[in-house]
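To start, the structure under review is shown below, and the notes come after it.
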Amino acid sequence: MATINLGRVKPVFRGAYAGGTAYVVDDIVTSGNETFICIQASTGNATSNASYWTKLAAKGTDGTDGTDVGTVITTQGDMLYRDGSGLQRLAKGTAGQELRINSGATAPEWYTPVAGGNAPSFLAYMSGNQTGYGDNTWYDMPFDSKKWDTDNAVSTSPSDNYQFVVPSGKAGKYVFDGFIYWYSGGGGHSTSDTWYVKFRHKPSGGSYANYAEQLNRQEPDINSQGMTFNFGIDLAVGDAVNMQMLVDQNGSTANVAGASGSTLFTYWKGFKIG
């Protein structure tokens, strides 16, 4: 029976390349953290010689371009992210911190949540009836008393416009709401009377400007009528907000109801939501 030489049936791994070893086709060796297969039998031809060897697997980079994870993150709890040039390390935060994106929306950062939940928060109100508001004139709402004020950020003084000022470290999103309660002035009321409230915003170091305005229903008698208001706004540290009102009732004056015992007829409140 004739003998058939099948040659090398499968590749054979020969370990690390050695210059004095004879290699035949389909021998596999390693060299410089890469793998090569012999394509022509020889001795002493290094793996860099493409006439004798073909690369099977190429190594990764050596970490000089910022892609070596093992050298970028080094401590338990580290996090890995990519900036504009390569991999970067974000060291672990402290207990209770939260992960968020920085103000430039370019990288993650650790953030310490504001203590006290939705603080600052406040509830200010008008302590007693206020009478004799002139027609067609804007007035600061005189919220001259407080139920609470977590950060002492609300003024009850007319010289400060009865305003709320964002304390240090408390920039963010805020919501405000409240109620203003009118009752009959000297000239009564008619269907042509128009009642307004206005929410104003003053950037830190700037001047007040109108932020939003709301118009009440026109009624023949405002005796049991009032106006609710609510607004949301992004505020920076040092920004101020306040409320104003105006009545257009054909030349007569307007009155606003204050507190009666535990009942708050005219008030506003606000708190930070994020």
Side-chain angles (χ1 to χ4, degrees), residues 116-167 174-202 208 210-233 240-273:
N118 297 114
S121 70
F122 70 89
L123 172 57
Y125 63 96
M126 187 183 296
S127 62
N129 295 345
Q130 302 291 321
T131 62
Y133 287 104
D135 193 31
N136 278 311
T137 302
W138 284 107
Y139 294 92
D140 291 326
M141 291 298 302
F143 300 112
D144 56 5
S145 300
K146 294 186 279 189
K147 282 289 188 181
W148 73 81
D149 182 5
T150 60
D151 290 62
N152 194 31
V154 175
S155 173
T156 55
S157 169
S159 63
D160 291 328
N161 306 105
Y162 304 100
Q163 65 190 4
F164 167 80
V165 180
V166 179
Y174 283 79
V175 292
F176 302 89
D177 67 88
F179 187 79
I180 178 172
Y181 190 106
W182 289 283
Y183 67 98
S184 297
H189 302 277
S190 70
T191 55
S192 63
D193 292 349
T194 307
W195 303 72
Y196 300 86
V197 294
K198 180 167 59 179
F199 180 77
R200 299 196 305 160
H201 171 225
K202 180 173 70 173
Y208 267 114
N210 297 346
Y211 179 72
E213 193 170 51
Q214 181 174 335
L215 175 66
N216 191 33
R217 297 190 304 266
Q218 293 178 320
E219 295 284 351
D221 185 0
I222 310 297
N223 225 354
S224 59
Q225 299 296 319
M227 181 191 296
T228 59
F229 54 85
N230 53 82
F231 305 102
I233 185 174
V241 294
N242 85 331
M243 296 296 306
Q244 286 193 327
M245 72 163 199
L246 176 146
V247 180
D248 178 3
Q249 55 175 12
N250 303 306
S252 60
T253 59
N255 301 328
V256 181
S260 176
S262 60
T263 301
L264 306 182
F265 286 108
T266 299
Y267 66 89
W268 77 318
K269 63 182 184 290
F271 55 93
K272 187 175 184 292
I273 62 171

* To do: Output every pair passing salt bridge (Lys or Arg N to Asp or Glu O under 4.0 Å) with a member in residues 255-269, not counting sequence neighbours, ordered by first then second residue.
  => Asp177-Lys269
* **Residues which pass side-chain contact (heavy atoms from CB on, under 4.5 Å) with Val165, listed by chain and number, not counting sequence neighbours** => Gln163, Ala240
* Asked: Does a donor on one side chain sit under 3.5 Å from an acceptor on the other, for Ser157 and Ser155?
  -> no
* Asked: Can you find a pair of side-chain heavy atoms, one from Ile180 and one from Val256, that are under 4.5 Å apart?
  -> yes
* Can you pull the salt bridge (Lys or Arg N to Asp or Glu O under 4.0 Å) pairs that have at least one residue in residues 141-158, sequence neighbours excluded? -> Lys146-Asp149, Asp151-Lys170
* Asked: Taking atom CD1 of Ile233 and atom NE2 of His201, what is their separation to the nearest 0.5 Å?
  -> 4.5 Å
* Asked: For the side chain of Thr266 and the backbone of Gly258, is there at least one donor-acceptor N/O pair under 3.5 Å apart?
  -> no
* Between CE on residue Met227 and CZ on residue Phe179, distance to nearest 0.5 Å -> 9.5 Å
* Structure fact -> The single option from Tyr174, Phe229, Phe176, Phe164 that satisfies ring-ring contact (aromatic ring centres under 6.0 Å, His included) with Phe199 is Phe176
* Asked: Quick one: side-chain hydrogen bond (donor to acceptor under 3.5 Å, both in side chains) pairs with a partner in residues 131-140, sequence neighbours left out?
  -> Asn136-Asp248, Asp140-Asn161, Asp140-Arg200, Asp140-Asn242, Asp140-Gln244
* Contacts of type side-chain hydrogen bond (donor to acceptor under 3.5 Å, both in side chains), residue Thr150, not counting sequence neighbours -> none
* **Distance, nearest 0.5 Å, that separates CZ of Phe231 from CE of Met243** => 5.0 Å
* Nearest heavy-atom neighbours spanning Met126 and Ala257 -> SD-O, 4.1 Å
* Asked: Less than 4.5 Å apart, any side-chain heavy atom of Phe143 and any of Phe122?
  -> no
* Who are the ring-ring contact (aromatic ring centres under 6.0 Å, His included) partners of Tyr267, not counting sequence neighbours? -> none
* **Tyr211 side chain near Val241 side chain, heavy-atom distance below 4.5 Å** => no
